[in-house]
Colleague: 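Mind looking over this structure? Questions follow.
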There are 2 protein chains.
Amino acid sequence: MLLSKLFIPITKDLPSEAKIKSHQLMLRTGMIRQSSAGIYSWLPLGFKVMKKIETIVREEQNNIGAQEMLMPTIQSADIWKESGRYDDYGEEMLRISDRQKREMLYGPTNEEQITDIFRSSVKSYKLLPQIFYHIQWKFRDELRPRFGVMRCREFYMKDAYSFDLSEDAAVLSYNKMFYAYLKTFQRLGLKSIPMKAETGPIGGDLSHEFIILADTGESKIFADKRIFEVPINDYKDIDASLKKMRSDFSKFYAVTDDKFKSEDFDKNVEKNNQIQTKGIEVGHIFYFGDKYSKPMNCSVDAKDGKKVFVKMGSYGIGVSRLVAAIIEAKYIDEKMKWPKAVAPFDVVIIPAINKNDNSNLEKARKIYEELKGKNLDVLLDDVEENISNKFKKHDLLGIPYQIIIGSKTTKDKLEFKEIDKNSEMMELGKIIKLLKK
Amino acid sequence: MLLSKLFIPITKDLPSEAKIKSHQLMLRTGMIRQSSAGIYSWLPLGFKVMKKIETIVREEQNNIGAQEMLMPTIQSADIWKESGRYDDYGEEMLRISDRQKREMLYGPTNEEQITDIFRSSVKSYKLLPQIFYHIQWKFRDELRPRFGVMRCREFYMKDAYSFDLSEDAAVLSYNKMFYAYLKTFQRLGLKSIPMKAETGPIGGDLSHEFIILADTGESKIFADKRIFEVPINDYKDIDASLKKMRSDFSKFYAVTDDKFKSEDFDKNVEKNNQIQTKGIEVGHIFYFGDKYSKPMNCSVDAKDGKKVFVKMGSYGIGVSRLVAAIIEAKYIDEKMKWPKAVAPFDVVIIPAINKNDNSNLEKARKIYEELKGKNLDVLLDDVEENISNKFKKHDLLGIPYQIIIGSKTTKDKLEFKEIDKNSEMMELGKIIKLLKK
């Protein structure tokens, strides 16, 4: 892609409500644009990052055997009346009346809808255990949407739902999802902590939040630092191993400020293992048994012929929120560096261009074609602009690798730079190898 | 995937409103499930097919240099008041009032929204020409939704928007999109006819519908059959070649029944070239100049410094509708055959299983693992069921290739069948090669 043709409209005058750095950076690099309060368009740069996150989330759901489907955004109010949540949900639910005056709503979550699908289709235990998921737009009519896509009204979310015959089996599904979440955040280049949580309006008995570390996070975290040494990659998607994983994590104290008690902290964690940091919630998992299956009469025939209300859990990851959360974690000292797995481009070529001499641009074009031929997703900064302005701009765009074409370039070697490291002179072949890793 | 674990809940009692064969098949093979009038959930089988269609649509948009973004589903009524369409649009627009009593709506199309993004970001001709697209859910509150996803309320659509400085330049963008559409439908295994069309509520000067052939189509088509011989693959994405493409297509008469006049048909088409058939609209492209840019004051500075209202076009493909349209085209004599490019699985393995002998299932499992190892997306029908029932079921599921493990199987050769052809005995290596092609 040529930067001169890429649509990244930069907002120079930041609106006063852009108070956190992810919101500011997303506007300054044209990743998003507000269309109305708490509702955003995702412009090409932001869209690309979000799609890469979505792909990783999807792959890790598929890896644990979850099946993807897609439920609609607009739901009938009837199923919410059955579960009893229609009146409870309050004004955050966007209620809609269609032309026939039917009560509809824009789904803020999908427990009712998936339960309705399941009860009408599955009559026997044979299909269990089962996990379904979808990645779909949701709406919560926040009174005061703020912080950009971190707390907006229309947001993109992966939500999964597990169905089991017994509580014991349901905990195994819960553990699988716990594992998928650890893997997902690891692939996104983030440090995550699973933390025991309240179940809130979803309800239920067992719940964990997944918090990623960021200095600017909304939640204060108090933890035993050894929780970061739990060897995620040693566990396997096998019940016994996942049980051990749960138990290993539960050994280490970790709470957010709403649960924090100084005397508990000191009792449970030695002074030199205590850390206090900040984080952002990016995932939340729940086990809630028959909270929905019972009022909605969702049962299957068990092996012995008895009807059993299915035991359910639900599991969310905020996909659009993660774009901002990654920025909060990775945008440090006015320099953004996207994790390789979700960077909007693999590499950017930055030629020093001046009006009377196109030779650097010409060299850059050749390298651009060569890298494209190797299936690398390359951005060429072909804009006529002072080189130091270019560097400032790329510090914000955050593409992790740069090839700089200027006075240092020789016949054989190019200046290659990883953001936040020193540049090196390197042959193109070696650069390609490194980028392909 | 094991069929015993795949969630394809089959609707046995078809609802009375399922009058067309795509709607019936989608319910009978558990591709979709209605959640409320004209609103559907996409279950795993339907979801997979739709995603494959989406990927092809996306690739062909990218191939002509269109940039992907994503606009939200919920829009502010304000921009529709600016364009003058808020009152015109009628009851098909789903109007929403949020908790602050702001007038919002669920977008049925996005001309206003993209114009708003463009005008606030682009001030100079330098970014032109430009094409943006997104693939997003839309809503039209049909009074009588029917025919399943063919005429539903919440639907998935690719819509693109072009921006140019002059009408001449805009026609070049129009031609590019015309070309992308031909390529897209060809890759989907469909015969499409571009047909001059009325511009309707979108407005404008120039418009084509893309109709694909299907015996059960909603529109009658009268055409010169030589239109199918226009050599799509000979054109290139170069202005002169695309101009020739447009002119080559325009030589051949092709109209739907609303424009049909028997005397015109006879005057323009020799008797032996006349065909009369049926089709389904799956795409529609429009050029409408400054119809939106003028009332919404969307202008750029031209080279000479003068302000020019941008000249726009819009271009839609019904992604969810295409799933049904492909069925209408490919489901013949009670046998469905998905085009290879969008089939839910590459191949299905069908072992004859009986209660006392698991040997066929064991053989099938080995082949299943081997094919998965070759990155083929395989379905294994491990359900204990009479083999003739299995064949009937797979005639509906429409996976184009089958490996049948039964009495004919030898040590070296397997029974391999392409739907609608005779089976052949073949070595596994040869089958893999054929599937990989």
Side-chain angles (χ1 to χ4, degrees), chain A residues 1 4-7 9-11 30 33 35-37 39-44 46-48 50-51 65 67-76 78-79 91-92 94-100 102 104 106 113-114 116-117 120-122 126-127 130 132 134 136-137 139 141-143 153-154 156, chain B residues 1 4-7 9-11 30 33 35-37 39-44 46-48 50-51 65 67-76 78-79 91-92 94-100 102 104 106 113-114 116-117 120-122 126-127 130 132 134 136-137 139 141-143 153-154 156:
Chain A
M1 187 82 213
S4 63
K5 284 292 170 188
L6 178 62
F7 183 60
I10 286 163
T11 304
R33 186 177 175 279
S35 82
S36 50
I39 303 180
Y40 291 86
S41 288
W42 290 79
L43 305 183
F47 177 76
K48 270 184 103 168
M50 186 164 68
K51 273 282 144 177
Q67 293 188 48
E68 189 167 9
M69 54 162 63
L70 194 53
M71 290 176 267
T73 61
I74 302 296
Q75 304 179 16
S76 164
D78 295 345
I79 47 177
E91 286 197 277
E92 277 193 17
L94 186 65
R95 288 155 213 259
I96 300 169
S97 171
D98 74 6
R99 70 190 291 182
Q100 312 265 35
R102 281 175 291 222
M104 314 291 288
Y106 199 123
Q113 199 162 30
I114 194 76
D116 180 48
I117 291 171
S120 69
S121 318
V122 181
K126 286 182 187 165
L127 200 77
Q130 193 64 265
F132 300 126
H134 78 159
Q136 178 61 295
W137 291 92
F139 203 96
D141 200 357
E142 298 266 359
L143 184 60
R153 296 201 290 167
E154 187 170 332
Y156 201 43
Chain B
M1 188 81 212
S4 62
K5 284 293 169 188
L6 178 61
F7 184 59
I10 285 163
T11 304
R33 187 178 174 279
S35 83
S36 49
I39 302 180
Y40 291 86
S41 288
W42 290 79
L43 305 183
F47 177 76
K48 270 184 103 170
M50 186 164 69
K51 274 281 145 177
Q67 293 188 47
E68 189 167 8
M69 55 162 62
L70 194 53
M71 290 176 268
T73 61
I74 301 296
Q75 305 180 15
S76 164
D78 294 344
I79 48 177
E91 286 197 275
E92 276 193 16
L94 185 66
R95 289 155 212 262
I96 300 169
S97 170
D98 73 7
R99 71 190 289 181
Q100 312 266 33
R102 282 176 290 222
M104 314 292 287
Y106 200 122
Q113 198 161 31
I114 193 76
D116 180 49
I117 291 171
S120 69
S121 318
V122 181
K126 285 180 187 165
L127 200 76
Q130 192 65 262
F132 300 126
H134 78 160
Q136 179 59 295
W137 291 91
F139 203 96
D141 200 358
E142 299 265 359
L143 184 60
R153 296 201 291 169
E154 187 168 332
Y156 201 43

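Just so you know, these numbers use all the heavy atoms, side chains as well, and skip hydrogens, waters and symmetry mates. Chain A is the first sequence line, chain B the second, and so forth, proteins listed ahead of strands; every chain is numbered from 1.
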Colleague: OG/B:S35 to CD1/A:I79 distance, rounded to the nearest 0.5 angstrom?
Modeller: 7.0 Å
Colleague: Under 4.5 Å, counting heavy-atom pairs only, tell me which of B:Y106, B:Y40, B:Y156 racks up the most with chain A.
Modeller: B:Y106
Colleague: Quick one: what part of B:L143 sits under 4.5 Å from any heavy atom of chain A, side chain, backbone, both or neither?
Modeller: both
Colleague: Roughly how far apart are A:E91 CD and B:Q100 CD, rounded to 0.5 Å?
Modeller: 8.5 Å
Colleague: With a 4.5 angstrom heavy-atom cut-off, could you sort out which part of A:L6 is near chain B: side chain, backbone, both or neither?
Modeller: both
Colleague: Within the side chain of B:Q75, is there an N or O that forms a donor-acceptor pair under 3.5 Å with the backbone of A:S36?
Modeller: no
Colleague: Start with the C-alpha gap between B:H134 and A:W42, add the side-chain angles, then the distance that decides, and say whether side-chain contact (heavy atoms from CB on, under 4.5 Å) holds.
Modeller: CA-CA 10 Å; B:H134 78 160; A:W42 290 79; over 6 Å; no
Colleague: Does any non-hydrogen side-chain atom of B:Q136 lie less than 4.5 Å from one of A:W137?
Modeller: yes
Colleague: Using non-hydrogen atoms only, which part of A:S4 is less than 4.5 Å away from chain B: side chain, backbone, both, or neither?
Modeller: backbone
Colleague: Name the option with the most non-hydrogen atom pairs under 4.5 Å to chain A; the candidates are B:E92, B:E68, B:R153, B:R102.
Modeller: B:E68
Colleague: Listed by chain and number, what are the salt bridge (charged side-chain N to carboxylate O under 4.0 Å, His left out) partners of A:K51, not counting sequence neighbours?
Modeller: A:E54
Colleague: Among B:M1, B:R33, B:M71, who wins on heavy-atom pairs under 4.5 Å with chain A?
Modeller: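 Of the candidates given, the most pairs with chain A belong to B:R33.
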Colleague: Identify the two heavy atoms, one from A:L70 and one from B:M50, that lie closest to each other, and give their separation to 0.1 Å.
Modeller: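 Looking at all heavy atoms of both residues, the closest pair is CD2-CE, 4.2 Å.
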Colleague: Considering only heavy atoms and a distance below 4.5 Å, find which of A:G30, A:S76, A:G46, A:P72 pairs most often with chain B.
Modeller: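 Sorted descending by pairs with chain B, the first entry is A:P72.
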Colleague: Please state whether the rings of B:F132 and A:F7 are parallel, tilted or perpendicular, taking 30° and 60° as the class boundaries.
Modeller: tilted
Colleague: May I ask you to name which of A:L94, A:L43, A:I74, A:I39 has the most heavy-atom pairs under 4.5 Å with chain B?
Modeller: A:I74
Colleague: Among A:A37, A:S120, A:G65, who wins on heavy-atom pairs under 4.5 Å with chain B?
Modeller: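 Ranked by heavy-atom pairs under 4.5 Å with chain B, first place is A:S120.
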Colleague: So do A:F139 and B:I96 actually touch side chain to side chain, heavy atoms under 4.5 Å?
Modeller: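 Not touching, per the 4.5 Å side-chain cut-off.
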Colleague: Contact part of B:R99 toward chain A, heavy-atom cut-off under 4.5 Å: side chain, backbone, both or neither?
Modeller: both
